[in-house]
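To start, the structure under review is shown below, and the notes come after it.
Counting from 1, the numbers follow the sequence of the chain as shown. Just so you know, ligand 1 is whichever comes first in the structure, and atom 1 is the first atom listed for that ligand.
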Amino acid sequence: MAALSKSTDVDWRLAPYDLAGSRAHARVLQRAGLLSVDELARMIGALTELSAEVAAGSFTPVEADEDVHEALERGLLEKLGELGGKLRAGRSRNDQVATDLRLYLRHNVRTLVHEIAALEKALIGLALRYRDVAAPGMTHLQHAQPVLIAHQLLAHAHAFSRDVGRLFDWDKRAAVSPLGSGALAGSSLALDPDAVAIELGFDRAADNSIDAVSDRDFAAEFCFVAALLGVHLSRLGEEVVLWTSTEFGWARLDDAWATGSSIMPQKKNPDIAELARGKAGRFIGNLTGLLAMLKGLPLAYDRDLQEDKEPVFDSIEQLLLLLPAVTGMIATLTLQPDVMEASAPQGFALATDVAEWLVSSGVPFRSAHEISGAMVAYCEEAGLELDELDDEQLAGIDERLTPEVRSVLHVDGALAARRARGGTAPERVAEQLSSLAEQARRH
Ligand code: ARG
């Protein structure tokens, strides 16, 4: 039972937050007349000392401590004797642990936001460095239409920027303090939950004590944002894996951000990108494991809730490990403009431009699609690219294919033509570069 119950290996991470909560709680006990001014001073002194010992690693849990709360209470009793026992008044481990986890997460999410912003800046920097370079844009991993590679890099940056937005939104809902809810029904002592809340940096105290001790929405919602961020990192990782392959040859990793092989001397492996891809599974697992644990619990506190911490800690810790590595890899990536540009028009990637050119001279899109398709089929058969057809061949495919069609058979023209909002035209990409850079600065 003791071995099963014990959680200090995991929840010791909450110690600094538990101590901050204790200091705030001691102050409201004093204001409620339950501690004298002198007792409060001794209590705060002991808690401050304990905080320093925890930070220095000189105070740690012992075998008999069940969880972080019990260990810290022991530490306080060792320093203050009976006075230490007064801190339990009006508080339960149920409202305490819910508060600690919110504090831990709100604090670490701030660090996470900085790390995501650093990645956004790396992507923006890479896009800026190669701002004029065209590349094959793909759907189904097949050449579709040419794009600026900067446009594609910024597509990743937009996703990360939304992740930051989600964390900001999340924080608004997480900024509610459970302290004061006690075990589940609130306290009969005249405490001031709002004062504790403000002291701990929350916006306010919870309106419903039953909800406050059982609510783990903040943990599940965070794990969702972490999982989605993980999916975005995985998608970026997958592109880096592809781009750095010999077959693509679009990008080269910096030696310092790649690994070699113990047996094959020529190898340079994209391990960071692969770990980004691999860890996404873990973040998704953390979310689903947490939701499955929460499902079907009756109100209010149930011991099952102790299992809420590992998924949260793991998602935070792994993301804080992964993000700086991905940022370093992106910031030092070298793209190969010649390879990308040579490949951009291939695979008949300008066929849509031919169809749209026909449309602008009055041909219905349905027929234009067919004519352009016939042109592609002809080229495939003849082993030619679209811009290699002579006037006669063009007219032979369809009389509406006049020599003027060649005006759209250039990648630059195709890019420049997509100039409505959201398009890959250089001026639209330049706008994105500045608006995303501005957002990343604010993050
Ligand atoms: N270690 C527990 C947890 O993480 C703290 C709350 C325990 N409360 C209780 N009534 N057993 O959830």
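- In terms of protein heavy atoms, atom 11 (N) of ligand 1 is closest to Arg93 NH2, 3.7 Å.
- The shortest contact between atom 10 (N) of ligand 1 and any protein heavy atom is with Asn94 OD1, 3.3 Å.
- Nearest residue to atom 1 (N) of ligand 1 from Gln306, Glu66, His69, Glu70 is Gln306 (criterion: closest heavy atom).
- Between Phe168 and His443, the ring planes are perpendicular. Angles over 60° get that label, and only those under 30° would be called parallel.
- No hydrogens or angles considered: nothing links the side chains of His156 and Glu120 as a donor-acceptor pair under 3.5 Å.
- Given atom 6 (C) of ligand 1, the protein heavy atom at minimum distance is Tyr301 OH, 3.3 Å.
- The Asp67 neighbourhood of ligand 1 comprises atoms 1 (N), 2 (C), 5 (C), with distances under 4.0 Å to a heavy atom of that residue.
- Proximity of Phe202 to Val176: side-chain heavy atoms (C-beta onward) are nowhere separated by under 4.5 Å.
- With Tyr17 as the fixed residue, the side chain to side chain donor-acceptor pair (under 3.5 Å) test singles out one of His107, Gln96, Arg106: His107.
- Between Leu333 and Tyr130, the closest side-chain pair of non-hydrogen atoms is not below 4.5 Å.
- In this structure, Lys309 counts as a contact residue of ligand 1, since one of its heavy atoms falls inside 4.0 Å of the ligand.
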